[in-house]
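Okay, structure first, notes after.
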Number of protein chains: 2
Amino acid sequence: MHSIDAVDLDLLRALAEDPGATTVALAQRLGISRNTVAARLARLEDAGAFLSFDRRIDPAVLGHPLLAFIEITVHQRDLARIVEHLARIPEVVQAYGHSGTADLRVHVVCRDTDHLFRIDAAILRIDGVERTETSLAMGELIPYRVQPLVEKLRRGT
Amino acid sequence: MHSIDAVDLDLLRALAEDPGATTVALAQRLGISRNTVAARLARLEDAGAFLSFDRRIDPAVLGHPLLAFIEITVHQRDLARIVEHLARIPEVVQAYGHSGTADLRVHVVCRDTDHLFRIDAAILRIDGVERTETSLAMGELIPYRVQPLVEKLRRGT
DNA sequence: CCGCCCGTTGAGCACTCTGCGCAGCGCGGC
DNA sequence: GCCGCGCTGCGCAGAGTGCTCAACGGGCGG
């Protein structure tokens with residue numbers, strides 16, 4: 001098992017700055033050979049370091065600018081079936097199992113509050129769902145980022 | 001202002017299937033000219049359709065497999081300063097303003113529960129933070145996805 | 001201490017892809 | 001009917017890719 005080293009971290013950092021960068025560009029930026037860059041990239045790739053491209057697609061551009069978090073309380077034993085039903089709702093972009101009072105936390109994107117209301121209703125219609133608690137995200141105060149973490153690891157390595 | 005059309009949606013779909021695909025590959029897959037692909041891609045790009053590359057980096061590979069949601073209640077007027085402080089914690093990967101009882105929802109990645117505990121403590125130390133409520137994500141039941149939404153729009157267009 | 005293994009390196013090769021400009025064409029708006 | 005725009009195919013020079021190769025160096029076990 002190979003673990004992430006300083007070179008990998010530098011690579012991730014460079015990639016974050018310019019996701020479209022070519023192998024050669026990355027190589028000369030980091031001062032290493034392009035063969036090495038390709039090798040590292042491949043290694044990261046099949047270590048599963050890169051998540052789906054979907055994560056980079058902005059739902060706002062798709063006409064769904066609103067994000068809501070819905071906590072769902074369910075009959076525990078029906079969990080699998082319920083998740084299956086949730087997966088059929090296109091506006092459900094993500095779902096987590098959840099410690100605490102609720103059992104499920106669902107991330108939902110929508111056109112407007114009315115749309116959200118209808119999605120919530122759809123979720124409530126799923127058999128086994130007991131109650132939902134919706135909260136609206138009012139602006140992404142810190143946009144998703146991993147770089148500070150990368151920097152920290154980089155310094156620590 | 002151009003809005004997203006069927007070609008763009010197909011492009012996003014193809015891209016999701018193979019994020020590394022070349023312009024030519026995408027072109028022949030969609031049966032359009034490579035010039036068009038390049039043009040569309042550029043247009044999507046500066047329409048802001050693509051979010052930061054960070055979103056594709058798996059924190060788990062960075063040694064932070066745990067994800068937690070922390071709801072924070074704050075003195076409203078101190079919000080900006082508090083967010084600034086939160087931004088200095090590398091493990092804070094994202095933060096939303098929040099409707100409902102809490103004012104802030106923070107997404108945090110960590111090595112283990114002990115690590116989480118220390119991060120929570122750090123947040124509580126920030127001046128103006130009144131209380132926090134942490135819940136742990138127990139598995140990503142539906143991994144982040146936009147494709148179903150893309151498909152839906154595609155059919156509707 | 002020696003030899004082996006592994007990752008890195010630079011070089012070289014054929015091939016593909018890119019970025020660009022260009023002219024033609026179909027379609028909707030005026 | 002005319003204009004403008006976006007799509008298209010073409011072609012070019014230049015850059016990048018995937019691959020292989022031999023050489024080098026550090027780390028490790030024998």
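Below, read A as the first sequence line, B as the second, and so on, with proteins coming before strands; counting in each chain starts at 1.
The CG atom of A:Leu41 sits 10 Å away from the P atom of D:dG18 (whole-angstrom rounding). Rounded to whole Å, the distance from CG on B:Asp5 to C1' on D:dG6 is 11 Å. Regarding A:Asn35, its CG atom lies at a distance of 9 Å from the C1' atom of D:dC19, rounded to whole Å.
Judged by distance alone with a 3.5 Å cut-off, a donor-acceptor contact links the side chain of B:Arg34 to the base of C:dG19.
Heavy-atom neighbours of A:Asp46 CG from other residues, nucleotides or ligands within 6.0 Å: above the threshold of 12.
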If you apply the rule salt bridge (charged side-chain N to carboxylate O under 4.0 Å, His left out), what do you find for A:Arg40 with A:Asp5, and how did you get there? CA-CA 10 Å; A:Arg40 295 306 189 112; A:Asp5 71 355; 2.8 Å; yes

Go through B:Ile57 and B:Leu62 one step at a time and tell me if the side-chain contact (heavy atoms from CB on, under 4.5 Å) criterion holds. CA-CA 9 Å; B:Ile57 300 177; B:Leu62 263 28; 4.0 Å; yes

Begin with the C-alpha distance, continue with both residues' side-chain angles, and end with the deciding distance and a verdict on side-chain contact (heavy atoms from CB on, under 4.5 Å) for A:Asp8 and A:Arg43. CA-CA 9 Å; A:Asp8 294 309; A:Arg43 192 197 298 168; 4.2 Å; yes

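Judged by distance alone, the side chains of B:Asp103 and B:Thr73 never bring a donor and an acceptor atom under 3.5 Å apart.
For DNA chain C, the residues of residues 23-33 of chain B within the heavy-atom distance limit of 4.0 Å (strictly under) are B:Thr23, B:Val24, sorted by number.
Remark on the helix from C:dC1-D:dG30 to C:dC30-D:dG1: inter-end axis angle 40°, axes from five-pair C1' superpositions, rounded to 10°.
For A:Ser52, the side-chain contact (heavy atoms from CB on, under 4.5 Å) partners two or more places apart in sequence, or in a different chain, are A:Asp54, A:Arg55. Partners of B:Arg34 under the salt bridge (charged side-chain N to carboxylate O under 4.0 Å, His left out) rule, at least two apart in sequence or in another chain, do not exist in this structure.
OP1 or OP2 of C:dT8 has at least one side-chain nitrogen or oxygen of A:Arg40 nearer than 4.0 Å.
Taking the six-membered ring for Trp and thresholds of 30 and 60 degrees, A:Phe69 and A:His107 have ring planes more than 60 degrees apart, a perpendicular arrangement.
Taken from CG in A:Asp78 to CD1 in A:Ile126, the straight-line distance is 11.0 Å, to the nearest 0.5 Å.
Between B:Arg145 and A:Gln94 the shortest side-chain heavy-atom distance does not fall below 4.5 Å.
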Look for any protein N or O under 3.5 Å of an N or O in nucleotides 23-26 of chain C and output each such pair with its distance, or none.
none

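Each salt bridge (charged side-chain N to carboxylate O under 4.0 Å, His left out) pair with one or both residues in residues 106-115 of chain A, not counting sequence neighbours, appears once here: A:Asp114-A:Arg118.
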